[in-house]
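Values reported hereafter were calculated over all heavy atoms of this structure, with side chains retained and with hydrogens, waters and symmetry mates removed. Since the model is a prediction, treat every value here as computed from it, not as a measurement.
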Amino acid sequence: MLVGGGYELLRGSETVSSDKLKAMVRVMEMLDYDIGLLAPEESSALTEAGLPFPVGWQAVDKVNYEIVKTKGGYSVAIVYFPILAKNEQQPSGKSVQAIGRIIEKMRTEADLVIGMSVWGFKAEHGYLKMDTEHPDILLGSGPGMGLTGKIEAQGKTAWIRPYSLGKAVNMLEVLKFPKAANNFIWTEGENMHAMVKGLTEKIAENQEVRSIFGTIDSK
């Protein structure tokens, strides 16, 4: 599965032209993500510019979920975490309980449960320390450091966050699915393998993408 998280289009509250936003939407659709989650700043910028969200991407203000079938026939539940309220540093107890109920339900319906958050490092870290039901994988985003695949929540959750400067792709290979084992905990090299692929100068640019942004840069 190819999954895109928050702040793929914009860095925080940066302002970009509608032409650049339009180009970003086009490129995101070319990349053919299976699932994409827009941060609030991104969805607002697209809406204000009168632009559609990239196909397959969505903005979420309250907890929601969907189940996706992989090419290998596995069922993967995607649980979208609600955005934090203004000035909220940690998710509320009500939000955590709502997330926990959905995750618990999804465990009976899917082979893997993935949580997606735009909360930032501190709020995500605090959440993973809480006494609640956590996802098998947490794909975080927002302010804070990147993570290749940190095992949290007493071994139950692999936590992944993108690196702020970009130019890298986080990758996680699931070797054994949690649903297939009792008392499952993640162990690097045994049932998972996390890595980061650096997008260095050794990787050739996609010329179609280069031409799309080159047109904007030349204006």
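Scanning all heavy atoms of the two residues, the minimum distance from Ile185 to Gln154 falls at CG2-O, 3.8 Å. Lys105 approaches Glu109 most closely through the heavy-atom pair NZ-OE2, 2.7 Å. Minimum interatomic distance between Gly5 and Trp57 (heavy atoms only, all atoms of both residues): O-CZ3, 3.7 Å. Taking both residues in full, the closest heavy atoms of Phe213 and Met24 are given as CZ-SD, 3.4 Å, listed atom of the first, atom of the second, then distance.
Here the side chain of Ser211 pairs a donor or acceptor atom with the backbone of Glu208 at under 3.5 angstrom. Listed for the Asp34 side chain is a donor-acceptor partner under 3.5 Å among the backbone atoms of Leu2. Listed for the Glu42 side chain is a donor-acceptor partner under 3.5 Å among the backbone atoms of Leu10. A donor-acceptor pair under 3.5 Å links the side-chain atoms of Glu188 to the main chain of Ala194, judged by distance alone. Although no hydrogens or angles enter the test, the distance criterion places no donor-acceptor pair under 3.5 Å between the side chain of Glu173 and the main chain of His193. With hydrogens and angles disregarded, no donor-acceptor distance shorter than 3.5 Å links the side chain of Lys167 to the backbone of Thr200.
At least one side-chain heavy atom of Met192 sits under 4.5 Å from a side-chain heavy atom of Leu172. Residues Asn64 and Ile102 are not in side-chain contact: their nearest non-hydrogen atoms beyond the backbone lie 4.5 Å or more apart. At least one side-chain heavy atom of Trp186 sits under 4.5 Å from a side-chain heavy atom of Val174. Between Trp159 and Leu128, the closest side-chain pair of non-hydrogen atoms falls below 4.5 Å.
With values rounded to the nearest 0.5 angstrom, His125 atom NE2 is found 9.5 Å from Met145 atom CE. For the atom pair Asn170 CG and Tyr163 OH, the distance stands at 6.5 Å (nearest 0.5 Å).
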Could you pull out every donor-acceptor pair under 3.5 Å between side chains of residues 75-92 and any protein atom, sequence neighbours left out?
residue	atom	partner	partner atom	Å
Ser75	OG	Lys69	NZ	3.0
Tyr80	OH	Gln58	NE2	3.2
Tyr80	OH	Glu66	OE2	2.5
Glu88	OE1	Ala85	N	2.8
Gln90	NE2	Lys122	O	3.2
Ser92	OG	Ser95	N	3.1
Ser92	OG	Ser95	OG	3.1

Kindly list each side-chain donor-acceptor pair under 3.5 angstrom involving residues 132-142, sequence neighbours excluded, with atom names and distances?
residue	atom	partner	partner atom	Å
Glu133	OE2	Arg107	NE	2.8
His134	ND1	Thr132	O	3.2
His134	NE2	Tyr127	O	3.0
His134	NE2	Met130	O	3.4
Asp136	OD1	Arg107	NH1	2.8
Asp136	OD2	Arg107	NH1	3.4
Asp136	OD2	Val113	N	2.8
Ser141	OG	Gly6	N	3.4
Ser141	OG	Ser117	O	2.8

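No more than 12 heavy atoms of other residues, nucleotides or ligands sit less than 6.0 Å from atom CE of Met171. Within 6.0 Å of the NZ atom in Lys156, the count of heavy atoms belonging to other residues, nucleotides or ligands exceeds 12.
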